[in-house]
Amino acid sequence: EQMNEENKQIFDVIKSAKNPVGVHIRRGDYLNLKIPVVKSEFLIEKMEYMMKTLMEPEFFVFSNGMDWAKETLKDFDNVHFVDINDEAHGYLDFILMNECIHRIYSASSFSKWLKYLNEHQNSIEFTPEDKDLTIET
């Protein structure tokens, strides 16, 4: 299946970015199932680290809780909220995020596979530990 025009545009923006950072935020069904999700403090801390460490980082946020992500990360200027694919086309989000050199992962199998398949050399990656997770009520 070919990428549609919106996905091609994001793909091109990621490829042209000096230091693209993929940020995966899994929420959605995890909240109802009482599965731990990443704390906002973890995301902000890691994004601030990337800002200090990398030259011209651009963040590409992929989430099934995009409203929460936009509110939580509103103080960052260089963020692209990639909200173009529905759940049935999540593989397109996977392809796009896999193009990001650096990554901030969520606690999910989607993130685990992204980490496993990362072919970028010298990639800065952050995976949450138990202390970085919370069960939201």
Side-chain angles (χ1 to χ4, degrees):
E1 181 178 333
Q2 294 290 319
M3 277 191 183
N4 64 22
E5 200 55 42
E6 284 180 301
N7 281 288
K8 286 180 188 175
Q9 288 175 357
I10 293 293
F11 184 88
D12 291 342
V13 173
I14 291 170
K15 294 300 275 181
S16 67
K18 187 172 203 152
N19 277 301
V21 180
V23 181
H24 179 233
I25 305 171
R26 177 70 187 265
R27 292 181 63 78
D29 59 329
Y30 275 27
L31 299 176
N32 293 333
L33 297 170
K34 304 293 185 217
I35 296 172
V37 293
V38 174
K39 293 177 183 176
S40 59
E41 295 85 2
F42 171 80
L43 296 168
I44 293 167
E45 175 186 311
K46 300 314 180 194
M47 288 175 71
E48 287 174 346
Y49 176 87
M50 296 286 197
M51 294 285 295
K52 292 175 188 169
T53 305
L54 300 171
M55 292 182 65
E56 301 176 39
E58 286 188 54
F59 298 96
F60 296 85
V61 177
F62 300 85
S63 179
N64 62 349
M66 197 58 80
D67 290 340
W68 182 90
K70 288 178 180 178
E71 178 61 28
T72 301
L73 306 176
K74 66 184 177 203
D75 293 333
F76 291 89
D77 293 329
N78 50 348
V79 178
H80 306 267
F81 294 98
V82 184
D83 194 16
I84 55 177
N85 297 306
D86 60 16
E87 201 169 307
H89 295 88
Y91 63 92
L92 293 170
D93 283 345
F94 191 93
I95 291 168
L96 294 172
M97 188 161 169
N98 203 40
E99 289 301 315
C100 294
I101 297 171
H102 310 287
R103 289 122 183 247
I104 300 170
Y105 297 113
S106 201
S108 71
S109 58
F110 186 92
S111 282
K112 286 180 183 176
W113 278 106
L114 281 164
K115 183 176 176 105
Y116 178 73
L117 295 173
N118 186 4
E119 295 180 351
H120 297 284
Q121 300 297 319
N122 302 315
S123 178
I124 298 172
E125 300 177 290
F126 292 106
T127 303
E129 299 174 8
D130 287 344
K131 68 179 178 56
D132 304 313
L133 304 173
T134 186
I135 295 176
E136 292 188 9
T137 55

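- Minimum interatomic distance between A107 and P128 (heavy atoms only, all atoms of both residues): N-CG, 3.9 Å.
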Apply side-chain contact (heavy atoms from CB on, under 4.5 Å) to residues H89 and L92 and explain how you reach the verdict. CA-CA 6 Å; H89 295 88; L92 293 170; 4.0 Å; yes
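- Nearest heavy-atom pair, S111 versus S106, reported as atom, atom and distance to 0.1 Å: OG-N, 2.9 Å.
- If you take CD1 on I10 and CD1 on I95, they are separated by 14.0 Å, rounding to the nearest 0.5 Å.
- Heavy atoms only, all atoms of each residue included: M3 and K8 are closest at O-CE, 3.1 Å.
- Remark: side-chain polar atoms of K74 are not paired, donor with acceptor, to backbone N or O of A69 under 3.5 angstrom.
- Other residues sharing the hydrophobic cluster of V38, ordered by chain and number and joined by side-chain separations under 4.5 Å: V21, V23, I25, F42, L43, I44, M47, Y49, M50, M51, L54, F59, V61, M66, W68, L73, F76, V79, F81, I104, I124, F126, L133.
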Kindly determine whether N118 and E125 satisfy side-chain hydrogen bond (donor to acceptor under 3.5 Å, both in side chains), including the steps that lead there. CA-CA 10 Å; N118 186 4; E125 300 177 290; 3.0 Å; yes
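- If you check the side chains of N32 and D29, you find no donor sitting under 3.5 Å from an acceptor.
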Stepwise, does the side-chain contact (heavy atoms from CB on, under 4.5 Å) test hold for L117 with F94? CA-CA 11 Å; L117 295 173; F94 191 93; 3.8 Å; yes
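- Shortest non-hydrogen contact noted between P20 and E99 is CG-O, 4.4 Å.
- Enclosure of atom CG in D86 by more than 12 non-hydrogen atoms of other residues, nucleotides or ligands within 6.0 angstrom is indicated.
- Residues Y105 and H24 place their aromatic rings such that the two centres sit no closer than 6.0 Å.
- Between I84 atom CD1 and E5 atom CD the span is 10.5 Å, to the nearest 0.5 Å.
- When the options H120, R103, E119 are evaluated for a side chain to side chain contact (heavy atoms under 4.5 Å, CB included) with N98, the one that passes is R103.
- Note that CG of L96 is 5.0 Å distant from CZ of F62, once rounded to the nearest 0.5 Å.
- No side-chain donor-acceptor contact under 3.5 Å links N78 to the backbone of E56.
- Within 6.0 Å of atom NZ in K112, 12 or fewer heavy atoms from other residues, nucleotides or ligands are found, so the atom counts as exposed in its surroundings.
- Taken to the nearest 0.5 Å, the CG atom of N64 stands 13.0 Å off from the CG atom of N85.
- Of all heavy-atom pairs spanning G22 and C100, the tightest one is N-CB, 3.3 Å.
- In this structure, CZ in R27 is found 7.0 Å from OG1 in T72, a value given to the nearest 0.5 Å.
- With a 6.0 Å radius and a threshold of 12 heavy atoms from other residues, nucleotides or ligands, Y116 has its OH atom at or below the threshold.
- A single hydrophobic cluster is not seen to contain both I35 and F110; linkage of ILVMFWY side chains at heavy-atom distances under 4.5 Å, directly or through other members, places them apart.
- Interatomic distance, I101 CD1 to N19 CG, rounded to the nearest 0.5 Å: 6.0 Å.
- A salt bridge is absent between K34 and E136: the closest approach of a Lys/Arg side-chain nitrogen to an acidic carboxylate oxygen does not fall below 4.0 angstrom.
- Residue-environment remark: CG (D67) stays at or below the threshold of 12 foreign heavy atoms within 6.0 Å.
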